[in-house]
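Here the structure is laid out as structure tokens; the discussion comes afterwards.
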Number of protein chains: 2
Amino acid sequence: MPVNIYDVAKKAGLSVVTVSRVLNNSSTVRDYNRQKVLKAMEELDYKPNAAARSLAKGDTGMIGLILPTIDDPFMSQVLFAVERAAREKGMFLVTAFAPGCEEPGYANPVSLFRENRVDGILILSPVKNEEYILELKKNGFPFVLLDQHHSAVQAPSVTVDNFYGGYQATARLIAAGFKRIAHISGSDIYESSAQRLEGYKQALRDHGLEIAEELIASGNFTIAGGYEALAGWIERGQLPEAVFAADDNTAFGVIDAARKFRISIPAELSVIGYDDHPFGSMLHPALSTVRQPTPELGKQGVELLLNVLSGKVKRAVTITLKPEVVLRDTTPAK
Amino acid sequence: MPVNIYDVAKKAGLSVVTVSRVLNNSSTVRDYNRQKVLKAMEELDYKPNAAARSLAKGDTGMIGLILPTIDDPFMSQVLFAVERAAREKGMFLVTAFAPGCEEPGYANPVSLFRENRVDGILILSPVKNEEYILELKKNGFPFVLLDQHHSAVQAPSVTVDNFYGGYQATARLIAAGFKRIAHISGSDIYESSAQRLEGYKQALRDHGLEIAEELIASGNFTIAGGYEALAGWIERGQLPEAVFAADDNTAFGVIDAARKFRISIPAELSVIGYDDHPFGSMLHPALSTVRQPTPELGKQGVELLLNVLSGKVKRAVTITLKPEVVLRDTTPAK
DNA sequence: ATTAATAGTTAAAGCGTTTTAATTTTTAGG
DNA sequence: CCTAAAAATTAAAACGCTTTAACTATTAAT
């Protein structure tokens, strides 16, 4: 039933290798022969068999993407960007989630590559999941890290400069004249979170401001975390002038709490988030934030991976992208 | 370099077919021989080659998922659910986005199947994209439709009853004593949107309420759409008592506008959304909504697809799941 | 013990491509 | 025109696995 390359060859009156050649542009084929082949393919509605092709060529035309979850727009955006970039390069994307370090009941996404289902993998994972990354490395399987440095492993990666983002966000707040600037951090298992915190601290230091431990809360990248952090400060009479939240979810929680406690934003409290959540520009007050270049992240990620695959990149280069502060209504107008 | 089944066979002192058998549990193998094989695999760190396996078996162990985009939590949840369900069945998921009907510059996701990269496809797409679905059908390629009926094509599908959801949401509002109940619809290209609207209308009719065209606005599943719809009613002096929004984004827009115009929720206006957006339960007032069983949708979707693949399901069955109204703070307490 | 049935094993063919090396055809140079 | 070089085509091997059919070893029934 399925038509194969022999059927096409027969119909075109040529050999299979000529057909294969026009399929791959691998070598020159006399033009009128190429036409014959193309016509035969058209008429037979021929589609090459990916498995056979993989087996012969030793590659799959697919790349893998491992994400922890997809419960927030940043992850969605990364996924979307990666898919677009991959498809633009003619590759398909197999997506796997690895919520926990170990996943009882599920085949480890690692089998994804060990079985040669994909040519390489993009990994965006919390630092804790280092084991399987180390395994990948040991096996020499091509991969690149997305948005996370893993201290224990030297690997090609593309990241967004979280230190810079944290620094810039804080610097803007300082420039607006605030002294009591709080930070609500994300989750310890993400290196990005730690780096935003470091950026915050450094900005404070650089501008002669004290780092007050009581103004650093932990929010776990959640609305509830943001809400509780602000509520805590209010209850303890420690309301800051401004807060830099580790992500927009947290910031929304802060705004929500501010509303509850009748604290006016930005008059009494400024807020700046991180990620440029789509809601940020739509809801009122519009949220000031730090925008990450997710399309670029995806694009550079797949390009780097492709370069690793082609052998163009051999060392553990790391590409660092810059995020961009976007000031809207939760920070004072200039 | 890569170790294959012959290496394993040699090391185990058995034939390749015995090795293949322990790999596939396809036939009985004497236990001590199975142990020998397992041991050899272990020692050689053998991993089967997926391409060779596909070629020989005629299947791939992968399923495809086509989504229009992933810019909203509903899509993310479906993706997540499908991935989990697929992996549970030992299948990997290749994800492709098909934002427009035609995609210049990208390989059509249809090649995904025409090239036999996957065994079957789950499609969640706006009604407009019927062409490629028809093509799939013509080619006899296995697929199941997710969350959308396509009037022009008879196909196995699993959907959530949007009519029912719209009906129930509206009925709750009616039960709360409201007469002027507005609806902000979604996007015409989604059949789900039309069905929620129908449910709304039918509930009104069934309870002897008039369908007022001026209380039906179009919101395009966006915050801005919800905002503008409510703003419009307010400006025209047509403020309804309650609004059923086609999705939570729209509902958030309504809440945002209500805040702007100092309309108290739920005292002066009740709101009920659709989708159970994660923000709905976190922000204040907590949003009443209609929760769709996305995990179930994903699970049933892959199960149905698998049954189509195995030939268990031959006809165009459709499985309909029920959504569930979740009343929170934007509707009157009982 | 002998035979029939069953379990376990293997040799060989096949899955649909690409690739290498060999062969034929075309082009260019004298 | 003839020959050498270049271009186009092909036959055959390879990719790593599964499957079928044939064969051998084991068990059960008489």
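Note on naming: letters A, B, ... go to the chains in the order of the sequence lines (proteins, then strands), and numbering restarts at 1 for each one. A quick note: this is a predicted structure, and the numbers were derived from the prediction, not measured.
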[X] [atom1] to [N] [atom2]: how many Å, rounded?
| X | N | atom1 | atom2 | answer |
| --- | --- | --- | --- | --- |
| A:N116 | D:dG16 | CG | C1' | 11 Å |
| A:R30 | D:dA7 | CZ | P | 12 Å |
| B:D7 | D:dC17 | CG | C1' | 13 Å |
| B:Y32 | C:dA7 | OH | P | 16 Å |
| B:K10 | C:dT10 | NZ | C1' | 17 Å |
| A:D31 | D:dA7 | CG | P | 16 Å |
| A:L14 | D:dA7 | CG | C1' | 15 Å |
| A:E115 | D:dC17 | CD | P | 11 Å |

Legend entry - Point-to-point distance, once rounded to the nearest 0.5 Å, from CG of A:L306 to CD1 of A:I63: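 So the gap between those two atoms works out to 6.5 Å.
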
Inset, instruction - For the pair A:S54 and A:T60, evaluate side-chain hydrogen bond (donor to acceptor under 3.5 Å, both in side chains) and give the outcome as yes or no after the intermediate values. - result: CA-CA 5 Å; A:S54 290; A:T60 65; 5.5 Å; no

Legend entry - Contact state string [nucleotides 12-18 of chain C, B base, S sugar-phosphate only, - no protein heavy atom under 4.0 Å]: --BBBBB

Legend entry - Worked check of side-chain hydrogen bond (donor to acceptor under 3.5 Å, both in side chains) between A:D147 and A:T159: CA-CA 4 Å; A:D147 196 48; A:T159 63; over 6 Å; no

Inset, instruction - Report the C-alpha distance between A:T320 and A:D161 in whole Å, list the side-chain angles of each, state the deciding distance to 0.1 Å, and finish with yes or no for side-chain hydrogen bond (donor to acceptor under 3.5 Å, both in side chains). - result: CA-CA 6 Å; A:T320 303; A:D161 193 336; 5.9 Å; no

Legend entry - Flag, side chain of B:T18 to backbone of B:L14, donor-acceptor distance under 3.5 Å: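 No; judged by distance alone, with no hydrogens or angles, the pair does not exist.
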
Inset, instruction - Please say whether the positively charged group of B:R84, taken as NZ for Lys or CZ for Arg, lies over the ring of B:F80, i.e. under 6.0 angstrom from the six-membered ring centre and within 45 degrees of the axis. - result: yes

Inset, instruction - State whether A:T18 places a side-chain N or O below 4.0 Å from either non-bridging phosphate oxygen (OP1 or OP2) of D:dT10. - result: yes

